[in-house]
Amino acid sequence: MGKKLNADQLKTYLQQYPQQIDTFYCVMGDELLLRQEVIDSLRQHYRQLGFSERINLVIDANGPWHHIKENLYSTSLF
């Protein structure tokens, strides 16, 4: 099941579970700088685990929400 974490809790979570691999993160908030810092923390964490590919979806309240499901179930050729 999903977890709801604020920026500080996420940093602690990534430190406590350094090998944890979650498949989906939804970053939301009113402060652009804080959102960017959270995204940078996630990128750095997964780079250290050997991941280099990422998919960035920007979706508003009107969708297209089906893109999330499509990307979760698609597999990369490489």
Side-chain angles (χ1 to χ4, degrees):
M1 189 55 139
K3 299 170 189 65
K4 183 177 180 180
L5 304 171
N6 65 33
D8 294 328
Q9 291 171 327
L10 178 67
K11 291 177 184 178
T12 303
Y13 174 77
L14 294 176
Q15 290 171 353
Q16 287 179 343
Y17 305 100
Q19 298 300 316
Q20 178 71 28
I21 299 173
D22 297 317
T23 57
F24 178 80
Y25 288 93
C26 182
V27 179
M28 298 182 287
D30 294 329
E31 298 181 37
L32 179 61
L33 179 61
L34 188 56
R35 285 193 324 248
Q36 192 59 48
E37 288 175 354
V38 166
I39 292 168
D40 290 343
S41 295
L42 289 169
R43 286 181 187 155
Q44 179 183 3
H45 175 75
Y46 281 98
R47 250 188 252 119
Q48 291 172 350
L49 293 176
F51 292 91
S52 60
E53 182 181 352
R54 69 181 172 94
I55 298 169
N56 184 26
L57 299 172
V58 178
I59 300 174
D60 62 14
N62 297 320
W65 289 93
H66 66 277
H67 287 295
I68 294 173
K69 188 175 182 179
E70 289 172 0
N71 282 286
L72 284 173
Y73 294 112
S74 68
T75 56
S76 174
L77 294 175
F78 305 100

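Since this is a predicted model, take the numbers as computed values, not measurements. Basis for what follows: all heavy atoms, side chains included, without hydrogens, waters or symmetry-related copies.
- Partners of Q20 under the side chain to side chain contact (heavy atoms under 4.5 Å, CB included) rule, at least two apart in sequence or in another chain, are Y13, Y17, D22.
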Would I39 and N56 count as a side-chain contact (heavy atoms from CB on, under 4.5 Å) if you check the C-alpha gap in whole Å, the side-chain angles of each, and the deciding distance to 0.1 Å?
-> CA-CA 10 Å; I39 292 168; N56 184 26; over 6 Å; no
Taking it one step at a time, do I21 and Y46 satisfy side-chain contact (heavy atoms from CB on, under 4.5 Å)?
-> CA-CA 8 Å; I21 299 173; Y46 281 98; 4.1 Å; yes
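- Partners of I68 according to the side chain to side chain contact (heavy atoms under 4.5 Å, CB included) rule, which considers only residues two or more places apart in sequence or in another chain, are F24, L57, I59, W65, L72.
- L34 and L14 fall into different hydrophobic clusters, where Ile, Leu, Val, Met, Phe, Trp and Tyr residues are linked whenever their side-chain heavy atoms come under 4.5 Å apart, directly or through other members.
- Counted by atom type alone, Q36 and D40 present one or more donor-acceptor pairs between their side chains at under 3.5 Å.
- For the pair T12 and L5, the minimum side-chain heavy-atom distance is 4.5 Å or more.
- Here the straight-line distance linking atom NE2 of H45 with atom CD of Q19 works out to 7.5 Å at 0.5 Å rounding.
- Summarising the geometry of L49 relative to P18, their closest heavy-atom pair is CD2-O, 3.5 Å, with the distance given to 0.1 Å.
- Closest non-hydrogen pair, S41 versus K11, comes out as OG-CE, 4.0 Å.
- Listed by chain and residue number, D8, Q9 satisfy the side chain to side chain contact (heavy atoms under 4.5 Å, CB included) test with N6 (two or more places apart in sequence, or in another chain).
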